[in-house]
Amino acid sequence: MKVAGIGAIISAFFLLFLTLTGNKKAEINCLAELCTGFALIRAELGTRLTPMPELLSLLTERCQGPAGGFFRTVDSALPLLAEKDFSALWNAAAEKHLSCLGQRELETVKKAGAVLGKYELSEQISVVSSCLEELRGAEEKGRADYPQCRRLLFGVNAAAGGFIIILLL
């Protein structure tokens, strides 16, 4: 009976480790996809002056995962522009699909939505570029910290599991 309990505890902490490291990896991948999307926004606005509906269609084709879902939701919500402000649609989609991001990165994404389609083109490009740099920085930091974070999570989970097993014995 004790062996089964020990096995269950070890399994539970191992699954917790996998879940936490999976969440960190999902955040890094989402940041990478958002960087792809923001780079495309900057390029399209800066070179072709692509209208927002066409730009959002391009983004839905090029971005995957939560970022792709975010851009798809904004794209599908465009018919509601008569009733709601674009930034409200953008923010609602960000809240819905980008929950894997930290609060700072989520606010960075929302900052772009507040400017797109409202201000001078140069200001839109400037804000999108600024957001892109912030998101790239967060992605690079996340990639650099990931191996250490994974080891730390494994160590903490192994120690906590071992402690609980000792207490139960």
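At a threshold of 4.5 Å between side-chain heavy atoms, the hydrophobic network of Ile, Leu, Val, Met, Phe, Trp and Tyr places L98 and L89 in one connected group. Follow the hydrophobic side-chain contacts under 4.5 Å out from L45 and you reach F86 in the same cluster. F71 and L55 fall within the same hydrophobic cluster, where Ile, Leu, Val, Met, Phe, Trp and Tyr residues are linked whenever their side-chain heavy atoms come under 4.5 Å apart, directly or through other members. Linking ILVMFWY side-chain heavy atoms closer than 4.5 Å, directly or via other members, places L116 and L80 in a single hydrophobic cluster. Residues L56 and I41 share a single hydrophobic cluster, defined by chaining ILVMFWY side chains whose heavy atoms lie under 4.5 Å apart.
Distance check: T108 OG1 to E133 CD gives 12.0 Å after rounding to the nearest 0.5 Å. One distance of note links CG of L101 with CG of L135; it measures 7.5 Å at 0.5 Å rounding. Going from atom OG1 of T73 over to atom CG of L78 covers 11.0 Å, rounded to the nearest 0.5 Å. Here the CD atom belonging to E134 is positioned 4.0 Å from the NZ atom belonging to K111, to the nearest 0.5 angstrom.
Legend: salt bridge (charged side-chain N to carboxylate O under 4.0 Å, His left out) pairs involving residues 68-94, not counting sequence neighbours, sorted by first then second residue: D85-K118. Applying the salt bridge (charged side-chain N to carboxylate O under 4.0 Å, His left out) test to residues at least two apart or on different chains, the pairs with a partner in residues 32-58 are E44-R48, R48-E54.
Partners of F70 according to the ring-ring contact (aromatic ring centres under 6.0 Å, His included) rule, which considers only residues two or more places apart in sequence or in another chain, are W90. Listed by chain and residue number, nothing satisfies the salt bridge (charged side-chain N to carboxylate O under 4.0 Å, His left out) test with K25 (two or more places apart in sequence, or in another chain).
When every heavy atom of A32 is checked against every heavy atom of R143, the shortest pair comes out as CB-NH2, 3.7 Å. Closest approach of C100 to A26, counting heavy atoms only: SG-O, 4.3 Å.
In this structure, C35 and L132 have side chains that are in contact, with non-hydrogen atoms separated by less than 4.5 Å.
The 12-atom threshold is exceeded at CZ of R136, counting heavy atoms of other residues, nucleotides or ligands nearer than 6.0 Å.
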Going by atom type alone, with no hydrogens or angles, which donor-acceptor pairs under 3.5 Å involve a side-chain atom of residues 146-155 and a protein atom two or more places apart or on another chain?
none

Identify each donor-acceptor pair in which a side-chain atom of residues 120-131 lies under 3.5 Å from a protein atom, sequence neighbours left out, and give them as a table.
residue	atom	partner	partner atom	Å
Q124	OE1	G117	N	3.1
Q124	NE2	Y119	O	2.7
S129	OG	I125	O	2.9

